[in-house]
Amino acid sequence: MGRVCSRKQENDRTMAIQFEPKIAELRLAYDRAKNDRPHRCFIEYPHLIKWTELDLSEWLADLKDKCVSGFQPHSSRLCWLPKANSLLRPGNILHFKDEVIYNLLLGRLYESIYKSLKSFQKEPDAAYVLAGERKAPWFQSSFTSWKEFRTKSLEYLQDETYFVVVADITGFYENIDTDKLLSDLRQIVGGSKPEIDLLRVCLRKWSARGEKGIPQGYSASDLLAKVYANPIDIALKHDGYRHLRYVDDIRIFCRSRIEAKRAIFSLSQHIHKRGLNLQSAKTEILSSTDAFTKFDDVKPTVEGIQKELMAEIQKEISEENPYPDSQYVERLLRRYKELPSAVLERTFEEYFAASNPTPFNKTLFHYLLNRIGKAKSRVAVNYCLDALRERAEETAYILKYFSEIGPLKADIKSIVDYLISPIAIYDYQCYQVIKWLFEEKLKEKRVIMYCRAIMKDLGRDLWLRSWGIAYLGRYGDIADLTSIESMYAGCASDFEKADCVMALSELESGRRNSFYASVKGDGLLVDRAIKIAKGSKK
């Protein structure tokens with residue numbers, strides 16, 4: 001029996017399903033994949049979109065042919081992303097064609113999904129709110145959704161709520177049971193569909209665990225996650241509980257502590273039926289007062305500091321002139337309100353000082369860093385440089401901050417010091433830094449030396465090596481370009497070969513054109529890279 005099951009699982013992984021999509025729906029699926037960049041997806045490659053859009057019609061037609069002959073998904077690549085407390089979480093990185101097909105399949109199912117879930121949008125399902133039928137973007141603004149989640153949580157606290165269950169699901173995306181998920185989809189659409197059959201093959205191919213997990217970092221997965229969590233929302237509603245859910249963050253609003261205990265019991269049962277578990281460290285019962293502080297911690301913090309500063313200004317004016325003109329004071333305070341950078345700086349210094357014993361508040365950190373960055377304030381520089389070492393999970397926010405303020409030479413030196421040090425152990429974080437240095441056009445000798453090493457190290461992540469090759473192509477010397485030229489023959493994929501072709505655009509024109517002539521025809525990506533590289537030198 002075990003041998004039969006193994007064969008069936010193998011057939012699921014290799015079975016090709018034929019279907020003929022329209023070019024227009026492939027184009028829409030492509031646009032959705034492109035729109036996931038850079039904020040939704042974990043990984044970006046230096047030239048992928050350029051290669052694809054050199055002749056998008058041809059690329060889409062080729063993808064259509066693959067569907068007609070029987071689409072075979074590629075294996076995904078595993079990416080390890082830093083989390084708080086030096087932990088890591090796995091992310092599955094899909095081949096770009098697989099990503100487009102993923103969007104195509106969910107695009108065909110979207111109308112049925114929308115009709116099934118629309119009555120649950122905003123309340124209780126507050127995350128990735130569905131935009132409506134036949135909408136190109138599946139979801140409304142995530143910023144708006146989070147704001148409404150916060151606002152609705154505070155409203156619920158005012159309505160006879162004395163205790164709140166705050167819970168979080170452990171490893172939500174990677175623990176989704178794909179058989180249950182596909183069953184949910186068949187229930188929604190009214191039976192089996194070719195799209196669901198192909199989705200089953202894709203999810204099995206992409207997951208190292210076979211029957212568990214969907215790839216995080218893609219809008220299509222966010223849509224499937226909503227489908228999978230909906231039975232939990234239904235069950236809690238049937239039990240008579242009032243709750244809100246933002247992906248895997250659940251809040252149940254109760255009138256008594258015993259009701260809150262019962263709610264945890266019910267929730268545990270319902271998510272267990274879905275093959276999921278609660279994080280014990282993040283599941284607790286809060287009083288309404290503590291819940292208010294937790295749900296609205298950023299606004300009161302900033303407003304409190306603002307009031308303190310305004311009181312200090314008023315006091316200083318009074319000391320200089322015991323009888324100040326009241327209209328002058330009002331104008332000054334009104335003007336001060338319009339200049340919030342001082343409030344934000346003081347808040348940051350107070351809450352993120354080394355001497356502050358309070359736990360790190362990720363939401364407050366993101367809020368302040370975004371705003372002081374736009375204000376061009378350097379108040380967070382030292383903290384952020386230290387945080388690269390201590391809080392690798394915050395790297396994207398930190399680098400965005402430096403882009404906003406314009407990094408000084410000393411800032412760049414500190415970032416590079418960390419990059420090349422033995423304590424920069426996460427390939428994903430190193431990828432983020434190299435990508436940032438490349439996009440900010442920051443030439444650093446030590447980074448060139450670093451990229452020489454990672455280019456040759458096949459044990460490093462593909463996306464890190466890809467950006468390293470791009471950096472060497474832009475800033476390396478003739479010896480680096482010669483190394484890239486020699487490396488071409490040993491490349492394992494067309495993707496890596498095309499990276500080399502793009503990097504060699506800086507080679508002396510005669511030698512470059514001779515090399516390009518010798519490798520022309522090595523594959524679609526290589527030929528497209530040659531065209532782009534030649535065009536960039538005209």
- Which of parallel (below 30°), tilted (30 to 60°) and perpendicular (above 60°) describes Trp206 and Tyr102? perpendicular

- Message: So that I can tick it off, tell me whether Glu174 and Lys212 are bridged by a salt bridge, with the cut-off set at under 4.0 angstrom between side-chain N and carboxylate O.
- Response: no

- Could I get the full list of salt bridge (charged side-chain N to carboxylate O under 4.0 Å, His left out) partners for Lys122, not counting sequence neighbours? Glu148

- Query: Does the Ser116 side chain pair with the main chain of Ser112, one donor and one acceptor, at a distance under 3.5 Å?
  - Reply: no

- Parallel, tilted or perpendicular: which describes the rings of His366 and Tyr397, with under 30° parallel and over 60° perpendicular? parallel

- Note on the structure: Hits for salt bridge (charged side-chain N to carboxylate O under 4.0 Å, His left out) against Arg465, two or more places apart or cross-chain, chain-then-number order -> Glu496

- Message: Main chain of Arg274, side chain of Tyr228: is a donor-acceptor contact present, judged purely on distance under 3.5 Å?
- Response: yes

- Atom pair CG/CD1 of Leu94 and Ile101 - distance to nearest 0.5 Å: 12.0 Å

- Query: How long is the gap from CG on Asp461 to OH on Tyr428, to the nearest 0.5 Å?
  - Reply: 10.5 Å

- For the side chain of Ser145 and the backbone of Ala127, is there at least one donor-acceptor N/O pair under 3.5 Å apart? no

- Please indicate whether Lys22 has more than 12 foreign heavy atoms, meaning atoms of other residues, nucleotides or ligands, lying under 6.0 Å from its NZ. no

- Hey, does the side chain of Arg474 reach the backbone of Ala470 with a donor-acceptor pair shorter than 3.5 angstrom? no

- Roughly how far apart are Ser207 OG and Tyr173 OH, rounded to 0.5 Å? 15.0 Å

- Query: Can a salt bridge be assigned to the pair Asp36 and Arg32 using a cut-off of 4.0 Å between side-chain N and carboxylate O?
  - Reply: no

- Message: Please tell me whether Thr170 and Asn277 have a donor and an acceptor in their side chains that are separated by less than 3.5 angstrom.
- Response: no

- Query: Is any side-chain heavy atom of Ile532 less than 4.5 Å from a side-chain heavy atom of Val501?
  - Reply: no

- For Phe96, what residues pass the ring-ring contact (aromatic ring centres under 6.0 Å, His included) criterion, not counting sequence neighbours? Tyr30, Trp59

- Item | Minimum heavy-atom distance between Ile454 and Gly468, given as atom pair plus value | CD1-CA, 4.0 Å

- Item | Main-chain N/O of Glu211 paired with Thr178 side-chain donor or acceptor, under 3.5 Å | yes

- Item | Heavy-atom side-chain contact between Ile43 and Cys79 under 4.5 Å | yes

- Any donor-acceptor pair under 3.5 Å linking the side chain of Glu259 with the backbone of Arg255? yes

- Message: Is there a side-chain contact between Leu104 and Phe19 in this structure, where contact means two heavy atoms from C-beta onward sitting under 4.5 Å apart?
- Response: yes

- Message: Strictly distance-based, threshold 3.5 Å: is any side-chain N or O of Thr283 a donor or acceptor partner for the main-chain N or O of Gln279?
- Response: yes

- Message: Salt bridge check, Lys34 against Glu53: does any charged N sit closer than 4.0 Å to a carboxylate O?
- Response: yes

- Drop me the distance from Asn92's CG to Asp98's CG, to the nearest 0.5 angstrom. 11.5 Å

- Query: If you take all heavy atoms of Gly191 and Val189, which pair is closest and at what distance?
  - Reply: O-CG2, 3.2 Å

Pair up each side-chain donor or acceptor in residues 84-91 with any protein partner under 3.5 Å, not counting sequence neighbours, and list the distances.
| unit_1 | atom_1 | unit_2 | atom_2 | d |
| --- | --- | --- | --- | --- |
| Arg89 | NH1 | Gln216 | OE1 | 3.4 |

- Would you call Asp427 and Trp80 a side-chain contact if the rule is heavy atoms closer than 4.5 Å? no

- Would a 4.5 Å heavy-atom cut-off, applied to side chains only, mark Trp436 and Thr395 as touching? no

- Not counting sequence neighbours, which residues clear salt bridge (charged side-chain N to carboxylate O under 4.0 Å, His left out) with Lys282? List them please. none

- Task: Spell out, as yes or no, whether a donor-acceptor pair under 3.5 Å connects the side chain of Arg528 to the backbone of Thr52.
- Result: yes

- Task: May I ask you to test the Ile434-Leu419 pair for a side-chain heavy-atom distance under 4.5 Å?
- Result: yes

- Go through the steps for Lys180 and Asp184 under the test salt bridge (charged side-chain N to carboxylate O under 4.0 Å, His left out), then give the verdict. CA-CA 6 Å; Lys180 284 187 172 70; Asp184 294 339; over 6 Å; no

- Are Leu525 and Phe495 side-chain neighbours, meaning at least one heavy-atom pair lies under 4.5 Å? yes

- Message: With rounding to the nearest 0.5 angstrom, report the CG to CD distance, Leu81 to Gln429.
- Response: 11.0 Å

- Item | Residues Arg242 and Asp159 bridged, charged N to O under 4.0 Å | yes

- Message: Using only atom types and a distance under 3.5 Å, with no angle test, would you say the side chain of Tyr431 pairs donor to acceptor with the backbone of Glu44?
- Response: yes

- Query: Does Phe265 CZ have over 12 foreign heavy atoms under 6.0 Å away?
  - Reply: no

- Measure from the ring center of Tyr45 to the ring center of Trp51 and say whether it is less than 6.0 Å. no

- Fit a plane to each ring of Phe295 and Phe253, take the angle between them on a 0 to 90° scale, and name the class: parallel (under 30°), tilted (30 to 60°) or perpendicular (over 60°). perpendicular

- Item | Pair Arg204 + Asp179, salt bridge at N-O below 4.0 Å | yes

- Message: Between Glu404 and Lys400, does any side-chain N to carboxylate O distance fall below 4.0 Å?
- Response: no

- Are Gln18 and Cys67 close enough that some pair of their side-chain heavy atoms sits under 4.5 Å apart? no

- Under 3.5 Å, side chain of Asn230 to main-chain N/O of Lys226, donor-acceptor pair present? no

- Message: Restricting to salt bridge (charged side-chain N to carboxylate O under 4.0 Å, His left out), what partner residues turn up for Arg40, sequence neighbours left out?
- Response: Asp222

- Item | Distance, nearest 0.5 Å, that separates CG of Leu54 from NE2 of His47 | 13.5 Å

